[in-house]
Amino acid sequence: MTLRKHPGDLLLLGLFLLPVVVVAPALPWGSQGWLYSLAELAGVFALSAFLLAGMLSARIPGMDPWFGGLVRLWTIHRWLGFSAFMLVMAHVLLLALATLPMSLGTSVATLFPPLSHWEVWVGWAAFLNMLVFIAPTLGFIGTLHYQNWKRLHLLSAPALVLALVHTLMLSATAWVWWLLSALALAAIAWRKLLSPRLARKPYVVDGIDKLARDVVELRLRPKGKGIRWRAGQFVYLTPMDRSLLAGYGEEHPYTIASGSGDDELKIGIKAVGDATRALLDIKPGAEVRIEGPYGTFFENAALAQKGTGLPGEPRKQLWLAGGIGITPFVAGARDRVGNTVAQGPDACLFYLANRPERAYYLDELVRIAEACDGFEVHTHYMNEHGVITRDYLAERCSDFAERDIYLCGPPGMINHLQTLLRHEGVPAHRIHTEAFDFL
Ligand SMILES: Cc1cc2nc3c(=O)[nH]c(=O)nc-3n(C[C@H](O)[C@H](O)[C@H](O)COP(=O)(O)OP(=O)(O)OC[C@H]3O[C@@H](n4cnc5c(N)ncnc54)[C@H](O)[C@@H]3O)c2cc1C
């Protein structure tokens, strides 16, 4: 089912299993015992997962929909990294256990041989390197500031090289590792060297609309040919204005808030840290670079329906937005204005905010709802109504649990609504969420 929804998964599975298929038959299953071969197999799986995680860092615009969107790809990347780390530990533990029946000394000497067996020590160096860059991701040493975490993550490159050297020196089958490492290297070279030059398009800030004390909407005009996008997609924006207090040259993901037919690219930004706060003061004429678009937020329902094999009309939609998580829905609403192609199924939007002043896009959304059939807007103010309930939703949208449901907002809101929807019997494949903190 997932392969019908995400055809790219077949490629990922093939690449992940290829080394095992090639290497497993050549392992010494009989001569050195199955535990020893299992230890080797854990090492093979670990390097496969590590190399695949490297390949998934490529971020090529237009390719992520094959895999269910960039957010899903990052989730797979993270799981692969975590699995590689756990498998390396299993590799070490199984090697110790496999040689323990001979003697404790043999077991220790297998793991810590004389320095002349440098290929084993290279393996240890790879493991320690991995430990350093994975520890903050797993929260072992608290959370790092995002940019520091990103810098530390660069250690994954030497860790990968060391793990490869270790494996190539000890493995009888080399070609499969050369093939996968060439793909991983190409992916990393694209991401770090080529994409900043080839994939980022120059745009100019045409105007800035202040929506609230800490929220602005940037209107961007391409210098040359701009990107094309669909509602619900996001881009990486890199400010190239040295007068900004922070964030010069840093790429950050933001959802496109303009409709797909708009001339301008509109990005709603809420200040949460250094880089976003600095953008509140960006001036018209400043240059930014735009990379993308990425994501499949509004296509997920069609993909889920395809995955179930059920034919039929697209279902009506329920949109639940909180805080700056309103931006994909603003794009969806703007798409409906004067754009018959992009009308889409009926949609009912609940705009969740603490108080009326925090519903910064409300006036425009209400105007769109008045002008477009099949689009409704409701508000929910936490200060006034408390936590949102099923009765609150049902009074305003009686068939809410029968719809395809889209959620975007702070984690607390998403968790609460997911629990509420599950209690109402909404199956998971009809609930689509966009997280703004996927890394
Ligand atoms: C798919 C997606 C769409 C988003 N759309 C919007 C939007 O429309 N409007 C909006 O205001 N915000 C959006 N965000 C969030 C926005 O990217 C962060 O608020 C911003 O990057 C914070 O940077 P900072 O330096 O100001 O804050 P920091 O204090 O550095 O970061 C705060 C948190 O933001 C995340 N973050 C920071 N930098 C990055 C990065 N380069 N890549 C990924 N995550 C990062 C981390 O989880 C971090 O903990 C979106 C995020 C994602 C993943």
Side-chain angles (χ1 to χ4, degrees), residues 57 59 61 64-65 68-75 77-78 136-137 139 142-154 191-192 195-196 200 208-220 229-239 244-259 265-282 288-300 321-334 353 358 360-361 406-411 414 432-439:
S57 60
R59 208 172 77 194
D64 61 307
L70 194 63
V71 175
R72 184 168 180 270
L73 272 181
W74 281 127
T75 309
H77 168 88
R78 214 168 26 190
T137 307
T143 37
L144 283 182
H145 183 273
Y146 183 81
Q147 295 303 324
N148 291 337
W149 171 84
K150 215 169 150 182
R151 270 176 221 122
L152 199 64
H153 214 65
L154 291 177
R191 172 74 192 281
K192 294 290 169 200
S195 85
R200 290 185 192 167
I208 300 126
D209 297 320
K210 196 159 176 88
L211 303 181
R213 175 183 43 84
D214 53 350
V215 183
V216 289
E217 187 174 77
L218 305 184
R219 287 184 274 113
L220 307 173
W229 67 91
R230 296 184 303 279
Q233 292 195 291
F234 64 94
V235 289
Y236 276 82
L237 182 148
T238 309
L244 289 177
L245 282 180
Y248 169 82
E250 268 177 31
E251 43 168 32
H252 288 264
Y254 301 104
T255 305
I256 303 169
S258 33
L265 196 64
K266 292 179 184 159
I267 310 271
I269 295 171
K270 179 178 175 197
V272 296
D274 293 355
T276 42
R277 203 166 301 119
L279 283 174
L280 298 184
D281 297 322
I282 199 166
V288 298
R289 298 274 155 85
I290 294 290
E291 181 190 317
Y294 299 104
T296 55
F297 188 44
F298 281 118
E299 283 104 85
N300 284 342
I324 194 65
I326 190 67
T327 47
F329 304 109
V330 173
R334 284 173 171 167
R358 299 305 294 167
Y360 19 82
Y361 277 107
Y406 294 83
L407 293 167
C408 190
I414 293 193
H432 313 285
T433 55
E434 184 82 300
F436 275 10
D437 60 345
F438 63 80
L439 290 177

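Each ligand, and each atom within it, is numbered from 1 in the order the structure gives. When a residue number appears, it is its place in the shown sequence, counting from 1.
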[X] N/O to ligand 1 N/O under 3.5 Å:
X    : result
K270 : yes
K150 : no
H252 : yes
E251 : yes

Suppose I only count heavy atoms of [X] and a 4.0 Å limit; which atoms of ligand 1 are within that range?
X    : answer
D274 : 25 (O), 26 (O)
H145 : 30 (O)
I269 : 11 (O)
I324 : 9 (N), 10 (C), 11 (O)
T255 : 3 (C), 4 (C), 5 (N), 6 (C), 7 (C), 8 (O)

query: In this structure, which one of K192, R289, K150 forms a salt bridge (charged side-chain N to carboxylate O under 4.0 Å, His left out) with E251?
result: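 Result: among K192, R289, K150, K150 is the only option passing the salt bridge (charged side-chain N to carboxylate O under 4.0 Å, His left out) with E251.
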For [atom], tell me which residue out of [options] has the closest non-hydrogen atom.
atom                    : options                : answer
atom 36 (N) of ligand 1 : F297, W149, Y146       : Y146
atom 7 (C) of ligand 1  : C408, A246, G268, G323 : G268
atom 27 (O) of ligand 1 : A257, G273, A278       : G273
atom 14 (N) of ligand 1 : G295, G232, P253, G69  : P253
atom 26 (O) of ligand 1 : V330, T276, N148       : T276
atom 25 (O) of ligand 1 : G247, A275, P328       : A275

Member of I290, T276, L218 meeting the side-chain contact (heavy atoms from CB on, under 4.5 Å) criterion with Y254: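 Checked I290, T276, L218 against Y254; only one passes side-chain contact (heavy atoms from CB on, under 4.5 Å): T276.
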message: With side-chain contact (heavy atoms from CB on, under 4.5 Å) as the test, pick out the partner of V235 among L220, I267, T255, V288.
response: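 Only one option passes, and that is I267.
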- prompt: Any salt bridge between R200 and E291, counting N to O under 4.0 Å?
  reply: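 A salt bridge is present here (some side-chain N lies under 4.0 Å from a carboxylate O).
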Pairwise distance CD1(I256) to CG(L237) - rounded to 0.5 angstrom: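 Output value for this atom pair is 10.5 Å.
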- request: Not counting sequence neighbours, which residues clear ring pair (Phe, Tyr, Trp, His ring centres under 6.0 Å) with H153? List them please.
  value: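 Expected list: F133, W149.
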T327 and ligand 1 - part of the residue with a heavy-atom distance under 4.0 Å: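 Within the 4.0 Å criterion, T327 contacts ligand 1 through side-chain atoms alone.
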